[in-house]
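FYI, the numbering just counts along the sequence from 1. Both counts, for ligands and for their atoms, begin at 1 and track the order of listing.
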Amino acid sequence: MLKIKRKSLLYKSGVEYADFCLNHVEGCSHGCNFPCYAMQMAKRFGRIKTYSDWIKPKLVTNTLELLDKEIPRYKDQIKFVHLCFMTDPFMYKENDVKDMTLKIIEKLSKNDIRCTVLTKGIYPKELEKRDVYGDKNEYGITLVSLEEDFKKKFEPFSAPFSERIKSLEYLQKKGLKTWVSMEPYPTPNLVKQDLLKILKKISFADKIIFGKLNYNVESSLFKNNKEFYNDCAEVVIDFCKNNNIAHHIKYGTQDKDHKETEEIFRLETNIIKRQNPIPIIADSS
Ligand code: SF4
């Protein structure tokens with residue numbers, strides 16, 4: 001795997017339900033074509049030139065040293081750390097990424113910092129060791145379809161849907177907290193599918209986040225785009241209420257934003273004390 005070094009790691013995320021975030025890899029071999037916002041940003045800021053650059057991920061080798069410096073600086077401001085918005089922490093079949101991610105979660109846990117994790121890969125069973133990785137973390141997968149043709153076109157190198165769900169359900173059965181990000185959910189002109197069928201597959205999860213597909217020309221041309229997302233969000237809300245699942249509808253998905261659920265991952269609502277200036281960065285989703 002290619003390697004790079006970075007000057008800093010932890011930052012305050014601009015995503016409404018997140019807090020601090022880190023990205024310990026540049027690029028992502030999943031090669032999503034929604035398109036991937038993180039890839040677009042990497043291109044815009046000159047870090048990569050092409051899609052083929054993006055799908056050759058580079059591991060940030062000084063990640064743990066950076067955490068040793070930054071955790072003491074931000075610790076009293078961190079509610080939780082999200083891995084990751086601009087890459088994937090359990091990139092499918094990338095063992096170097098998996099190993100580094102496990103070390104990060106272990107280090108955060110030792111410092112009594114919980115994390116939310118999101119992947120289109122597969123969770124390793126090691127995470128069930130609560131004495132090493134903690135028991136307050138929230139493990140999530142992205143799942144927006146069950147259709148193989150859709151996967152081939154839009155997230156060609158990610159883990160198979162069934163394995164992804166199975167690995168999450170395993171952690172759930174071990175008593176860990178789980179969630180599913182149904183974002184970016186595609187419009188019917190990209191894939192014809194039954195939203196309820198997908199929801200039923202993930203009804204074991206503790207939390208669901210649902211959001212529309214942005215930045216896709218074909219999707220925005222779908223003539224009932226607005227009504228479609230309003231209706232889908234209502235289906236998700238009803239399903240979650242009926243199944244005792246916490247939920248949040250991402251801002252901009254429905255006509256009216258539900259601010260009351262943006263606290264979905266925050267245990268406390270105390271105002272954060274800002275003792276050090278924190279970088280705030282708009283993230284991928
Ligand atoms: S998994 Fe996330 S970061 Fe990786 S290519 Fe897909 S959208 Fe981009």
Side-chain angles (χ1 to χ4, degrees), residues 1-2 4 6 9 11 13-15 17-18 21-45 47-60 63 81-98 100-101 104 115-124 139-165 167-168 179-187 190-191 209-219 250 253 281-285:
M1 170 166 264
L2 299 167
I4 52 166
R6 286 237 173 101
L9 198 70
Y11 65 96
S13 169
V15 173
Y17 61 79
C21 185
L22 64 80
N23 301 291
H24 52 296
V25 186
E26 170 85 44
C28 179
S29 59
H30 290 165
C32 298
N33 289 308
F34 290 104
C36 170
Y37 173 83
M39 182 188 75
Q40 290 177 316
M41 289 299 108
K43 273 188 189 169
R44 186 189 292 178
F45 292 105
R47 294 197 291 269
I48 56 154
K49 286 200 173 72
T50 62
Y51 176 82
S52 58
D53 291 340
W54 177 253
I55 61 171
K56 289 182 205 104
K58 303 181 196 85
L59 188 70
V60 178
T63 292
V81 173
H82 181 78
L83 289 75
C84 309
F85 281 123
M86 305 297 269
T87 185
D88 194 300
F90 286 108
M91 221 173 277
Y92 192 43
K93 295 187 175 169
E94 297 283 2
N95 279 332
D96 289 352
V97 174
K98 179 194 82 174
M100 182 64 92
T101 301
I104 294 169
C115 53
T116 55
V117 188
L118 183 60
T119 186
K120 290 192 184 95
I122 292 173
Y123 280 108
Y139 299 106
I141 55 166
T142 302
L143 190 78
V144 295
S145 181
L146 297 169
E147 302 299 323
E148 285 309 315
D149 287 346
F150 174 85
K151 184 181 175 307
K152 268 185 215 148
K153 188 170 171 192
F154 286 95
E155 38 178 285
F157 310 118
S158 61
F161 297 137
S162 57
E163 286 186 46
R164 214 182 293 180
I165 298 167
S167 77
L168 190 71
W179 62 291
V180 176
S181 170
M182 300 186 78
E183 193 204 9
Y185 193 78
T187 44
L190 300 183
V191 59
I209 297 206
F210 180 84
K212 67 182 286 201
L213 172 54
N214 295 306
Y215 322 113
N216 182 294
V217 178
E218 214 180 325
S219 173
K250 271 288 287 285
T253 299
I281 301 176
D283 275 313
S284 170
S285 43

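A donor-acceptor pair is defined here as one N or O able to donate and one able to accept, closer than 3.5 Å; such a pair exists between the side chain of Thr63 and the backbone of Val60. Although no hydrogens or angles enter the test, the distance criterion places no donor-acceptor pair under 3.5 Å between the side chain of Ser181 and the main chain of Thr142. Side chain of Asn216 to main chain of Phe34: a donor-acceptor pair is present (N/O by atom type, distance under 3.5 Å, no hydrogens or angles).
Taken from NZ in Lys120 to NZ in Lys151, the straight-line distance is 10.0 Å, to the nearest 0.5 Å.
At least one heavy atom of Lys120 sits closer than 4.0 Å to an atom of ligand 1. Residue contacts with ligand 1: Trp54 is included, with a non-hydrogen atom under 4.0 Å away.
Only the backbone of Thr87 comes within contact range of ligand 1, with a heavy atom under 4.0 Å; no side-chain atom does. Of the heavy atoms in Tyr37, none comes closer than 4.0 Å to ligand 1.
Ion pairing between Lys153 and Glu147 fails under the 4.0 Å rule for side-chain N and carboxylate O. Looking at Glu183 and Lys212, no side-chain N of the basic residue comes within less than 4.0 Å of a carboxylate O on the acidic one, giving no salt bridge.
Cys32 lies close to atom 6 (Fe) of ligand 1, since one of its N, O or S atoms is found at a distance under 2.8 Å. Among the atoms of Cys28, an N, O or S atom is found under 2.8 Å from atom 4 (Fe) of ligand 1.
Heavy-atom proximity to Gly31, at under 4.0 Å, picks out these atoms of ligand 1: 5 (S). Taking a cut-off of under 4.0 Å to the non-hydrogen atoms of His30, the atoms of ligand 1 that pass are 1 (S).
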